[in-house]
Amino acid sequence: GAVVSQHPSRVICKSGTSVKIECRSLDFQATTMFWYRQFPKQSLMLMATSNEGSKATYEQGVEKDKFLINHASLTLSTLTVTSAHPEDSSFYICSARGFGLSGEQYFGPGTRLTVT
Amino acid sequence: AQSVTQLGSHVSVSEGALVLLRCNYSSSVPPYLFWYVQYPNQGLQLLLKYTTGATLVKGINGFEAEFKKSETSFHLTKPSAHMSDAAEYFCAVSMNRDDKIIFGKGTRLHILP
């Protein structure tokens, strides 16, 4: 139980285009979802926290107009990287927390974004 | 503010030897502490967590960690390393079950044959 999926697993896009990453909780309802980015050989940096039906809370230094987060349902959150640039290339990981799961966050497998 | 310091970005141990990955935390409130493992190009898997109660926490794959308040530490150990333990390990802290998790920089564990 408590499986989180991400789609796509890898994506390559051209500079200036936008790309959407989906995060789904497959067998539980996620009241809160978190988005992280991870640069090569570095730790996870929290980008934003989203609660279903409300606006995401972004961490300091994260551009909310560039990284659009939508949490429209209890099983789906999306991260859209707008006008992507090569410096946005990274590994993006989502996690989800739901009802009755002791507060534990379950992590998705990650999405490797490469901007050319 | 909370933070986590992992000592040693790389640790190498021989197969069958003791694994010890060090983690020290800073927190203004009693912390929730976690250890996660990450295999290449994958997400994170929870190894174990400390919330309250018993300070020695047992996790999956034979790992355990001990919360030592006096030393502000939460070191991860495993009595006998296996080749499959080679991965990146992250120590993490949060203020409570509903708070965001702050990760350390990670320690890459290498297992020598």
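Below, read A as the first sequence line, B as the second, and so on, with proteins coming before strands; counting in each chain starts at 1. Just so you know, these numbers come straight off a predicted model, no measurement behind them.
Only the side chain of B:Phe90 has a heavy atom closer than 4.5 Å to any heavy atom of chain A. At a 4.5 Å heavy-atom cutoff, A:Gln6 makes no contact with chain B through either its backbone or its side chain. Both the backbone and the side chain of A:Leu44 come within contact range of chain B, each with at least one heavy atom under 4.5 Å from a heavy atom of that chain.
Listed by first then second residue, pairs satisfying salt bridge (charged side-chain N to carboxylate O under 4.0 Å, His left out) with a partner in residues 5-30 of chain B number zero, not counting sequence neighbours.
Along residues 84-91 of chain A, the residues that come nearer than 4.5 angstrom to chain B, judged on non-hydrogen atoms, are A:Phe91 in order of number.
Within 6.0 Å of NZ in A:Lys55 there are 12 or fewer heavy atoms belonging to other residues, nucleotides or ligands.
By the 6.0 Å and 45° rule, B:Lys78 stacks over the aromatic ring of B:Phe63.
The closest side-chain donor-acceptor pair between A:Gln38 and B:Gln38 falls under 3.5 angstrom. A donor-acceptor pair shorter than 3.5 Å cannot be found between the side chains of A:Trp35 and A:Ser95. A donor atom on one side chain and an acceptor atom on the other are found under 3.5 Å apart for B:Thr107 and B:Gln6.
Chain A forms the most heavy-atom pairs under 4.5 Å with one residue out of B:Asp99, B:Leu46, B:Ile101, B:Thr51, and that residue is B:Ile101. No other option in B:Gln45, B:Arg108, B:Lys100 has as many heavy-atom pairs under 4.5 Å with chain A as B:Lys100. Chain A forms more heavy-atom pairs under 4.5 Å with one residue of B:Gly104, B:Ser9, B:Gly106 than with any other, namely B:Gly104.
Ring centroids of A:Phe107 and B:Tyr36 are separated by less than 6.0 Å, placing the two rings close together.
B:Val13 and B:Leu21 fall within the same hydrophobic cluster, defined by Ile, Leu, Val, Met, Phe, Trp and Tyr side-chain heavy atoms under 4.5 Å apart, directly or through other members.
Ionic pairing of A:Lys20 and A:Glu22 is not present here: no N-O contact between side-chain nitrogen and carboxylate oxygen is shorter than 4.0 angstrom.
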